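Remember, it's 1-based here, ligands and their atoms both numbered in the order they're listed. Below, all heavy atoms of this structure are taken into account, side chains as well, without hydrogens, waters or symmetry copies. Note that this is a predicted model, so its numbers are computed, not measured.
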Amino acid sequence: MRIISDFPGGNCKFISAEYDDKKIIINLEQEIRDTDPWWFYWCFKIEDAPEGEIEFAFHNKKVVCPHGPATSADGINWTWCENFIDHTHFRYNFSENESRYFAFCIPYVLSDFERFYDTIKNDVKRTVLTKSEKGRDLPLLTFGNGKRNIIFTARHHCCESSGSYTLDGVVRAILKNHRSMLDDYKFHIIPFTDIDGAEEGDQGKNRIPHDHNRDYSDSPIYNYTKAIYEYTKNMDIAVFFDFHSPWCWGGLDDEPHLHLGPSVEPTPDLQEKFSKILSDLTLSDNGDNIIFKNHVTHIGEPANKPDAKNSKNFFKYERNANISLCIETPYSGNLKNGYTVEQFYYWGEQIAEALYETLK
Ligand SMILES: [Zn+2]
């Protein structure tokens with residue numbers, strides 16, 4: 001048996017293995033790397049496991065979601081594993097020589113994006129925004145012929161994969177259900193602002209000296225930020241959405257919420273309008289969908305500082321976007337089961353619908 005994490009999105013430090021008559025216990029912990037303080041993302045693969053139960057014990061605080069870890073046989077199709085013991089332990093019953101991935105949440109790396117891109121490639125133009133610090137291409141998708149611009153970004157905090165699935169859901173829905181928006185707007189999608197972190201399985205949040213979502217200063221340090229400054233210079237921006245995931249779980253972090261940008265003229269109420277429409281849409285749905293109860297933070301609340309050098313403040317203050325906000329999608333949520341990829345997509349579809357209704 002081997003435990004590995006040297007694959008895209010991998011993050012795990014093996015500590016030790018213990019054996020008794022009935023089971024194997026593997027002691028491990030997440031790699032914090034250059035994040036300060038503590039964070040919770042991890043992802044590893046077991047190869048060639050012996051038949052029987054293995055218990056996994058984490059040794060750096062609570063990092064197992066209430067729905068258990070996400071798990072996958074192929075690293076592509078993920079479900080939530082039911083064998084939760086507590087927030088530092090889970091177990092799994094392996095068949096002979098089974099190999100299996102486990103992760104804090106459903107990961108999303110470049111290969112996931114490439115599979116999604118394959119489904120929309122006839123409808124979009126793909127270019128490269130810039131190179132990352134480690135030489136990776138940052139993909140940029142554009143579509144639409146309008147004069148005004150709509151920009152969506154994800155992974156300013158690279159471990160926040162639920163935001164990526166939500167963003168894919170929004171893009172898919174606009175191309176499928178709201179093509180009339182393409183006459184009035186041009187869309188710009190930047191799926192990985194911190195692509196190195198996403199590929200290498202970093203936490204990314206609170207990265208030292210600061211993370212990608214605190215780099216919107218007069219002297220940015222990341223290639224992405226420098227490129228987005230240049231790319232959006234002189235751009236007439238109607239909407240900026242930045243897709244995130246919140247704290248690991250618990251309380252309001254089990255529900256989607258929005259961090260609203262500063263309310264400035266000439267459209268101070270537009271983001272509230274969007275938020276209300278989105279909330280009404282999810283609450284009136286009778287399906288097994290992600291519910292948004294119009295939980296928003298306004299500028300000035302503790303989680304939403306007016307002087308933070310983040311994306312939504314930049315796009316509102318410096319680029320005069322009519323709406324500029326951050327959408328937080330929980331990693332696993334408070335439904336009966338952990339959020340599935342299809343539920344993320346449908347939540348994205350409802351965001352697209354609400355945006356369409358807001359702007360029409
Ligand atoms: Zn974030």
Any idea which N/O/S atom from His157 gets closest to the Zn ion (ligand 1)?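 Atom name of the closest N, O or S in His157: ND1.
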Is it the case that the ring center of Phe241 lies less than 6.0 angstrom away from the ring center of Phe274?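 Phe274 vs Phe241: aromatic centres under 6.0 Å.
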Are the aromatic ring centres of Tyr108 and Phe116 under 6.0 angstrom apart? no
Taking atom CG as the centre, does Asp74 end up with more than 12 heavy-atom neighbours from other residues, nucleotides or ligands that are less than 6.0 angstrom away?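 Counting neighbours around CG of Asp74, more than 12 heavy atoms of other residues, nucleotides or ligands fall under 6.0 Å, so yes.
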Positive for salt bridge (Lys or Arg N to Asp or Glu O under 4.0 Å) with Asp194, one of Arg207, Arg155, Arg214: Arg207
State whether Glu160 contributes an N/O/S atom found under 2.8 Å from the Zn ion (ligand 1).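 Here the distance criterion (N, O or S atom, under 2.8 Å) is met by Glu160, so yes.
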The Zn ion (ligand 1) contact by His244, N, O or S atom under 2.8 Å: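 So His244 does bind the Zn ion (ligand 1) by this criterion.
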